[in-house]
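Note sheet for the following structure.
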Amino acid sequence: MKFIPVKGTRDFYPEAMRMRNWIADAWRSASLRNGFEEYDSPIFEYLDLFTAKSGDEIASQLFNLTDRGGRNLAIRPEITPSLARMVNAKINALPRPIKWFSIPRLCRAERPQKGRLREFFQWNVDIIGPQDELADAECVLTAVDAMRELGLTSNDVQVCYSSRELLSEVLESLGVKGQSSADVMAVLDKRNKLPAEKFEAMLSDAVGDKTAMAGILKFLDTGAIDPDASPAEIAASAGIAPSENATAAIAKLQAFGGYLKAFGIADWCRYDTGIVRGLAYYTGIVYEVMDVGETLRAIAGGGRYDNLLEVLGGPAVAASGFGMGDVVLGILLEEKQLIGDLAQGVELFVIDGSADMFSDVINVVGRLRSVGAAAEFSYKRQNIGKQLKQADRRGACKAVILEPDGVVMIKDLASGEQTACKLAEILSDPTTIL
RNA sequence: GUGGCUGUAGCUCAGUUGGUUAGAGCACCUGGUUGUGGUCCAGGGGGUCAGGGGUUCGAAUCCCCCCAGCCACCCCA
């Protein structure tokens, strides 16, 4: 073949398109149920918007271009900067909390691999305004709600959360700072992917100091957070110096856990100190949705990013949200055999009893479509058997067979039952056969 | 950017130690069973064996290059 799709992109033939729509419909309906409004932004932006958020190095991972006026542009690799830009522009006019969602098509100039393509769709759900962990919890609830709609259960996926704030505080109290802190976080992020020995060796290299190393390992072993204990007690049992920041971060984790429980999704969620979320802009609670076997990369990731609007030139306004891509989710749904039969048939298939009645067929089809019915017909004039076969293959519910002398047989294709009526009736009121 | 694996029909795959005109199933198209579907029967289209070069009397098969796909690393918003 001379022309092939670009590396890392997908063609959506009707079958794949049904799957994509099925997922997007679940995302959209869950969003609306949970009180979010849909927005969208341009598919390309000024390159600055992305480098301002993520640094100049990000440019090499973007598809960027220069327009004829010499402007540096980039295809959006994420929508959060655009969201921040849009919200900043109207921050004083928007009622809060701002609860918005989007399902953008995104592009990243990466080498494709399992669960990662160069073009994909990502559901984004954000709440801007509240500082309360209730917002973080409501985002998680929305994610769970969509996954539930798609047929997943808490036996399939878990929302693993931690506190970026607490982790920073722990590292700092152990004297791990600056580059070392960044290195340690990078290693922690791999914890669930590496064998224990290798992980500890890498961690040891990043930390350097033995006392600090022991402190980090003790912190990592923290189990579920007791909702009833005082933050100071929890800090003590996790070997964390009970600074003001540390106890505050622990209290936030407790509040977050309480909201998850109140929303009825506690069994979908668990505290996991191994969640770090890269070195991005997160400032508080962070989480990733993992498949229970942890064989796939994260299905979704998000958390609190209270500084982003300010970084992008706006006021200091708190924000929290997540992104869920269609690629890993699609793999998981397929593995769990949750996709089912997505074929969508027409309602009615209109058939001629003899070729000379074909003009009546297109007449009836036209009338049916004018009242909103999904009606189809065969382009070829052939016997009734072949036309019925075609009706069946199109997934039609009923066949409308036009016979001589104005007689019409309505055949239910599932039961095989037929009822008769008059062509004149159908033409005057097509809704009688719906 | 680095590394590993794999490329035969739209899909899943056969193809012997190199040997005539590269096959099957499914899918697709046509026709039949002479006016009621999910069957059945018959026929048909479709492949420069990813592409290029080499070895050989002869290459889908052996060697080299390249391209593409998959997978992992880096990175992961």
Side-chain angles (χ1 to χ4, degrees), chain A residues 1-11 13 15 45 49-55 57-62 74-84 104 106-118 120 122 124 126 182 185-186 189-190 193-194 276-282 286 288 295-298 300-303 305 308 311-312 321-325 327-328 331 345 349 351-357 378-404 407 409-418 420:
Chain A
M1 282 293 276
K2 194 165 184 182
F3 298 107
I4 56 173
V6 173
K7 180 195 290 287
T9 65
R10 292 168 288 177
D11 287 323
Y13 286 84
E15 191 188 7
E45 294 270 6
L49 180 68
F50 304 117
T51 55
K53 185 201 144 208
S54 306
E57 324 78 58
I58 196 74
S60 65
Q61 294 168 60
L62 267 46
I75 300 176
R76 60 188 181 188
E78 57 170 331
I79 203 173
T80 313
S82 305
L83 168 67
L106 306 177
C107 294
R108 297 175 184 175
E110 303 184 283
R111 179 164 294 197
Q113 55 188 289
K114 188 172 187 182
R116 259 176 102 178
L117 300 173
R118 291 184 356 172
F120 55 96
Q122 188 186 67
N124 279 78
D126 294 275
M185 288 201 193
D189 201 35
K190 298 187 199 307
K193 285 181 75 175
L194 292 173
V276 180
R277 296 292 297 153
L279 300 171
Y281 48 68
Y282 293 105
V286 289
E288 287 182 349
T295 57
L296 302 174
R297 56 182 67 242
Y305 54 99
L308 184 63
V311 165
L312 294 182
F322 70 86
M324 180 183 293
V327 183
V328 179
I331 294 170
F349 200 98
I351 290 170
D352 55 45
S354 62
D356 60 342
M357 303 184 72
S378 172
Y379 266 73
K380 275 183 312 191
R381 308 282 47 84
Q382 43 188 11
N383 64 40
I384 291 178
K386 293 285 190 195
Q387 291 187 77
L388 277 168
K389 185 171 183 168
Q390 204 174 339
D392 180 57
R393 290 205 298 185
R394 288 304 307 272
C397 303
K398 292 177 186 170
V400 178
I401 305 166
L402 308 191
E403 298 191 346
V407 176
M409 300 302 293
I410 312 295
K411 177 163 186 164
D412 184 305
L413 289 170
S415 68
E417 285 172 29
Q418 295 195 147

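Below, chain A is the first sequence line, B the second, and so on; all start at residue 1.
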[N] versus [M] - spacing of their [atom1] atoms, nearest Å:
N     : M     : atom1 : answer
B:G58 : B:U21 : P     : 14 Å
B:U12 : B:U2  : P     : 30 Å
B:G45 : B:G23 : P     : 13 Å
B:U48 : B:C26 : C1'   : 25 Å
B:C49 : B:A59 : C1'   : 11 Å
B:G19 : B:G4  : C1'   : 35 Å
B:U33 : B:G43 : C1'   : 15 Å
B:G15 : B:G31 : P     : 37 Å

Discussion item. Tell me if the side-chain of A:Gln418 makes a donor-acceptor pair with the base of B:U36, cut-off 3.5 Å, by modelled atom types.
Written reply: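 Indeed there is one.
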Discussion item. Looking at A:Arg277 and B:A77, is any side-chain donor or acceptor paired with a base atom of the opposite kind under 3.5 Å?
Written reply: no
What's [X] touching, base or sugar-phosphate or nothing? Going by heavy atoms closer than 4.0 Å.
X        : value
A:Lys190 : sugar-phosphate
A:Ile401 : base
A:Gly416 : base
A:Ile58  : base
A:Leu62  : base

In whole angstroms, how far is the [atom2] atom of [N] from the [atom1] atom of [X]?
X        : N     : atom1 : atom2 : answer
A:Asn383 : B:G37 : CG    : C1'   : 11 Å
A:Glu403 : B:U36 : CD    : C1'   : 9 Å
A:Lys411 : B:G35 : NZ    : P     : 15 Å
A:Leu194 : B:C73 : CG    : C1'   : 12 Å
A:Met324 : B:A77 : CE    : P     : 15 Å

Would you indicate which nucleotide in [options] comes nearest to any side-chain atom of [X]?
X        : options             : answer
A:Lys193 : B:C71, B:C76, B:G38 : B:C76
A:Ile4   : B:A68, B:G32, B:U36 : B:A68
A:Lys114 : B:C71, B:A77, B:G35 : B:C71
A:Leu388 : B:C28, B:U36, B:A77 : B:U36
A:Gln113 : B:U30, B:A72, B:G38 : B:A72
A:Met409 : B:C70, B:A77, B:U36 : B:U36
A:Arg111 : B:G37, B:A68, B:G1  : B:G1
A:Lys389 : B:G35, B:C40, B:C76 : B:C40
A:Lys7   : B:G32, B:G35, B:G69 : B:G69
A:Arg297 : B:C76, B:G37, B:U33 : B:C76

Worksheet item: Can you find a side-chain donor-acceptor pair between A:Gln418 and A:Asp412 that sits under 3.5 Å?
Response: no
Side chain proximity check, [X] to [Y], heavy atoms < 4.5 angstrom:
X        : Y        : result
A:Gln390 : A:Gln382 : yes
A:Leu402 : A:Ile351 : no
A:Phe349 : A:Ser378 : yes

Discussion item. Between A:Arg277 and A:Asp189, does any side-chain N to carboxylate O distance fall below 4.0 Å?
Written reply: no
Discussion item. Please determine whether a side-chain nitrogen of the Lys or Arg among A:Lys53 and A:Glu78 lies less than 4.0 Å from a carboxylate oxygen of the Asp or Glu.
Written reply: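 A:Glu78 and A:Lys53: salt-bridged.
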Practice prompt. Please determine, for B:U30, whether a Watson-Crick or G-U wobble partner exists with both distances under 3.5 Å, and give it or none.
Written response: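 Partner of B:U30: B:A42.
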